[in-house]
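Lettering of chains follows the sequences in order, A, B, ..., and the numbering in each one begins at 1.
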Amino acid sequence: MDEAAHERIRAAVAAIPAGTTSTYGAVAAEAGLPGRARLVGRVLREDGHDLPWHRVLRADGTCAPHVAQEQAARLRAEGILVEGGRLPKAFRSRREP
DNA sequence: TACGTGACGCCGT
DNA sequence: CACGGCGCCACGT
């Protein structure tokens with residue numbers, strides 16, 4: 001099993017600074033698994049309960065379909081504005097201007 | 001063992 | 001800008 005990969009993915013997600021966001025693909029790359037965005041989604045589904053999974057969005061800035069509602073609420077709680085289930089371009093890049 | 005599915009991503013139309 | 005198709009890999013049947 002890719003337990004090591006899971007560990008890295010969890011670490012990458014945990015490393016996302018509060019008030020910023022990242023993407024599945026970025027997290028995968030960060031974990032040394034480029035192209036394994038789907039794996040990131042799987043890991044978050046299985047072991048993401050203790051992680052800031054709400055800071056992980058799709059590459060286009062939209063929220064994950066299954067949890068969009070709660071994710072948007074949590075992001076707003078972090079000070080991130082979400083509109084129409086989508087993240088404004090200004091915030092798209094998990095980096096501050 | 002093979003097939004279908006999915007917290008995704010990129011390219012073409 | 002919206003929609004559809006293909007690629008990717010781990011997992012359940």
For this session: Classify the nucleic acid contact of A:Gly25 as base, sugar-phosphate or nothing, counting any heavy atom under 4.0 Å across all strands shown.
Result: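 If one applies the 4.0 Å heavy-atom cut-off, A:Gly25 turns out to touch the sugar-phosphate alone, with no base involved.
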
For this session: Would you mind classifying the nucleic acid contact of A:Arg36 as base, sugar-phosphate or nothing, using non-hydrogen atoms under 4.0 angstrom?
Result: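 Sugar-phosphate: the residue A:Arg36, judged by heavy atoms under 4.0 Å, touches backbone atoms but no base.
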
Problem set entry | P gap between C:dC8 and B:dG12, integer Å |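 The answer is 16 Å between these two P atoms.
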
For this session: Please state the P separation for the pair C:dT13 and B:dA7 - nearest whole angstrom.
Result: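 Approximately 15 Å lies between the P atom of C:dT13 and that of B:dA7.
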
Please report the distance, rounded to the nearest Å, between [atom1] in [X] and [atom2] in [N].
X	N	atom1	atom2	answer
A:Glu3	C:dC9	CD	P	19 Å
A:Arg38	C:dC8	CZ	C1'	8 Å
A:Leu39	C:dC11	CG	P	8 Å

Exercise. Residues in side chain to side chain contact (heavy atoms under 4.5 Å, CB included) with A:Ala64, at least two apart?
Worked result: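 Here the qualifying residues are A:Tyr24, A:Val67, A:Gln71.
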
Exercise. Residues two or more places apart in sequence or in another chain: which of them pass side chain to side chain contact (heavy atoms under 4.5 Å, CB included) with A:Arg38?
Worked result: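 Residues passing side chain to side chain contact (heavy atoms under 4.5 Å, CB included) with A:Arg38: none at all.
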
Distance-only criterion, 3.5 Å: show the donor-acceptor pairs between side-chain atoms of residues 28-35 of chain A and protein atoms not counting sequence neighbours.
none

Problem set entry | Pair listing, salt bridge (charged side-chain N to carboxylate O under 4.0 Å, His left out) test, anchored in residues 65-77 of chain A, at least two apart |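 Sorted result for residues 65-77 of chain A: A:Glu70-A:Arg74.
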
Would you tabulate the nitrogen or oxygen pairs shorter than 3.5 Å linking the protein to nucleotides 2-6 of chain C?
none

Exercise. Where does DNA chain C form stems of at least three consecutive Watson-Crick or G-U wobble pairs, each pair having both distances below 3.5 Å?
Worked result: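 DNA chain C forms these stems: B:2-6 with C:9-13, B:8-13 with C:2-7.
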
Problem set entry | Non-neighbouring partners of A:Arg55 that pass salt bridge (charged side-chain N to carboxylate O under 4.0 Å, His left out), sequence neighbours left out |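 With sequence neighbours excluded, A:Arg55 shows a salt bridge (charged side-chain N to carboxylate O under 4.0 Å, His left out) to A:Glu78, given in chain and number order.
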
For this session: With a 4.0 angstrom cut-off to heavy atoms of chain A, pull out the first and last contacting nucleotide of DNA chain B, in 5'-to-3' order.
Result: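 It runs B:dG6 to B:dC10.
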
Exercise. Between A:Asp47 and A:His49, is any pair of side-chain heavy atoms under 4.5 Å apart?
Worked result: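 Result yes, sub-4.5 Å side-chain heavy-atom pair found.
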
For this session: Mind checking side chain to side chain donor-acceptor pair (under 3.5 Å) for A:Arg10 and listing every partner two or more places apart, or none if nothing turns up?
Result: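 Side chain to side chain donor-acceptor pair (under 3.5 Å) check on A:Arg10 returns A:Glu3.
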
